[in-house]
2 protein chains.
Amino acid sequence: MTPPLPPESLTQRLADSGLRATPQREVVYSVLLRKRDHPTAEEVFARVKAELPTISLATVYNCLETLVQCELVRAVNFERSPTRYCPNLRPHAHFHDEQTGRTYDIDLPPAVLAEVNHVLPAGFDASSVEITFRGQARPAS
Amino acid sequence: MTPPLPPESLTQRLADSGLRATPQREVVYSVLLRKRDHPTAEEVFARVKAELPTISLATVYNCLETLVQCELVRAVNFERSPTRYCPNLRPHAHFHDEQTGRTYDIDLPPAVLAEVNHVLPAGFDASSVEITFRGQARPAS
DNA sequence: CTTGGAATTGGAATTATTCCAAAGAGCGAA
DNA sequence: TTCGCTCTTTGGAATAATTCCAATTCCAAG
C-alpha cells in the first residue's frame, strides 16, 4: 500500500526521469487530482483548457503518457473504449458500471493480491496485475 | 464468471439465440478451436480465408461478435492492442508476456475467484471479472 | 416457387491515438 | 547576456482497429 504522495512530488518525479515540470504537465496532473472520475484524454483536454486555453490535444496525450511513465498516474482500459486516467496509486481494482459507464476504484487488500498472484504456475513472473469487474453499481458513498 | 460449459454445438448455441449456422460462422469458430493462440480478427481472417477465400473482414468481425454473444468465445483486450479471441470458456485469467506479446491462459480456482469477488463492497454487483497479468513468461509446457 | 428476414460483402466512415516537422522555452557554458 | 542544446509543445496529417452502411445473396417457411 503506497501512501498518498506529497504535492511537490510531480516536479521531483519528473526530475528523477530527467524531465522538466512544465505548466502543461502541472495542470494536467492537477486536473486528475482534482476530480478523480477516471476521465478520458478528451475530458482531461476539456478541463485543462479552462486554465490553459491554448493547450493542444497532442500535448494532453503527451503529458498523460509522461505521468504514466513516472508512475504518478495509471492508465485504465476497459474493452475498446478510450483510455481513462487515474491518479490513485494504491493497489486497486476497477469496477465498471454497465449502465452508467462510470468507473469505481475498489481497494485491493494485500492478502487478496497475494492469493491472486499464487494462481501463476512456475515460470510466470508477473510485474503487474489488473483486475476489472463489470456489472451494476449502487455505491453507498 | 462464466461457469464451465459442456462442449456444445455451435449450431445449438446459435439456434438458442435465434441465429443460423452459416459456413462463415462455422469456419470462424473451428479456426478458433483449432489453434488456441488468441488470434486477432485479422489473424482469424487470414486463417479462415484458406477455407473460404471470398470471406470478408467485416464478416469475420460479425462472426466473432456473434460467437461472443452466444458465449462460445471470449474477447480479450490488452491495453489498446487489437482484440483477441479465445474459445476457452473455463474461468481463467490471462498472462501477457511483455517480450513476446504472447497470451497465456491461467486457470482460476473457484476459491480464488470467490476471494476476489469478496473485495467488492456492498452495492457492487459484478456480472464478470477479468484478471490480466503482465510480465515475463517461461512456461514449462 | 415466392418472399421476408437473416447474413454477407466491399467500401466508406469513425474514433482514438500516434506521428511528424516546425516553432518555442529554459538552462548552462562561454 | 547570448549561444547552443535539448526538451516540449503544437497543429495537422497519418494510422489502425473497428463499425457502419447500402446493396446483394441466402434460406426457410408458407
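In what follows, chains carry the letters A, B, and so on, assigned in the order in which the sequence lines appear, proteins first and then strands, with residues in each chain numbered from 1.
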Euclidean distance, atom [atom1] of residue [X] to atom [atom2] of [N] [Å, nearest integer]:
X     : N      : atom1 : atom2 : value
A:E43 : C:dT17 : CD    : P     : 11 Å
B:E26 : D:dC27 : CD    : P     : 11 Å
A:L52 : D:dT8  : CG    : C1'   : 13 Å
A:Q69 : D:dT8  : CD    : C1'   : 15 Å

Pick out the pairs of N or O atoms, protein on one side and nucleotides 4-7 of chain C on the other, that lie under 3.5 Å.
residue : atom : partner : partner atom : Å
C:dG5   : N2   : B:R20   : NH2          : 3.0
C:dA6   : O4'  : B:R20   : NH2          : 3.3
C:dA7   : OP1  : B:R20   : N            : 2.8
C:dA7   : OP1  : B:R25   : NH1          : 2.8

Answer yes or no: is there a donor N or O on one side and an acceptor on the other, between the side chain of A:R25 and the main chain of A:R20, under 3.5 Å?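 Side chain of A:R25 to backbone of A:R20, a donor-acceptor pair under 3.5 Å: yes, one is there.
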Is a donor on one side and an acceptor on the other found under 3.5 Å between the side chain of B:R47 and the backbone of B:L32?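 Flag not set: sc B:R47 to bb B:L32 has no pair under 3.5 Å.
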Could you check whether B:H94 and B:H92, counting side-chain N and O atoms only, form a donor-acceptor pair closer than 3.5 Å?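 On atom types as modelled, these side chains qualify, holding a pair under 3.5 Å.
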For nucleotides 16-18 of chain D, print each protein N/O atom paired with a nucleotide N/O atom at under 3.5 Å, atom names and distance only.
residue : atom : partner : partner atom : Å
D:dT18  : OP1  : A:R80   : NE           : 3.3
D:dT18  : OP1  : B:T83   : N            : 2.8
D:dT18  : OP1  : B:T83   : OG1          : 2.8
D:dT18  : OP2  : B:Y61   : OH           : 2.6
D:dT18  : O5'  : B:Y61   : OH           : 3.4

Validation row: [X], [Y] side chains within 4.5 angstrom (heavy atoms):
X     : Y     : result
A:P39 : A:R84 : no
A:T66 : A:L19 : yes
A:V68 : A:R74 : no
B:V28 : B:L52 : no

Ionic contact status for B:E98 with B:R134, cut-off 4.0 Å: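 Salt bridge flag = yes for B:E98 with B:R134.
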Counting only side-chain nitrogens and oxygens, does A:S56 get under 4.0 Å of the OP1 or OP2 atom of D:dT9?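 A:S56 to D:dT9 OP1/OP2: no side-chain N or O under 4.0 Å.
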Do the rings of B:F124 and A:Y104 sit parallel, tilted or perpendicular, given the 30° and 60° boundaries?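 Correct class here is perpendicular.
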Taking it one step at a time, do B:T40 and B:Y85 satisfy side-chain contact (heavy atoms from CB on, under 4.5 Å)? CA-CA 6 Å; B:T40 64; B:Y85 297 87; over 6 Å; no
Is there any protein nitrogen or oxygen under 3.5 Å from a nitrogen or oxygen in nucleotides 20-22 of chain C, and what are the pairs?
none

Verdict with supporting geometry, A:D37 and A:R102, salt bridge (charged side-chain N to carboxylate O under 4.0 Å, His left out): CA-CA 8 Å; A:D37 60 348; A:R102 254 198 284 274; over 6 Å; no
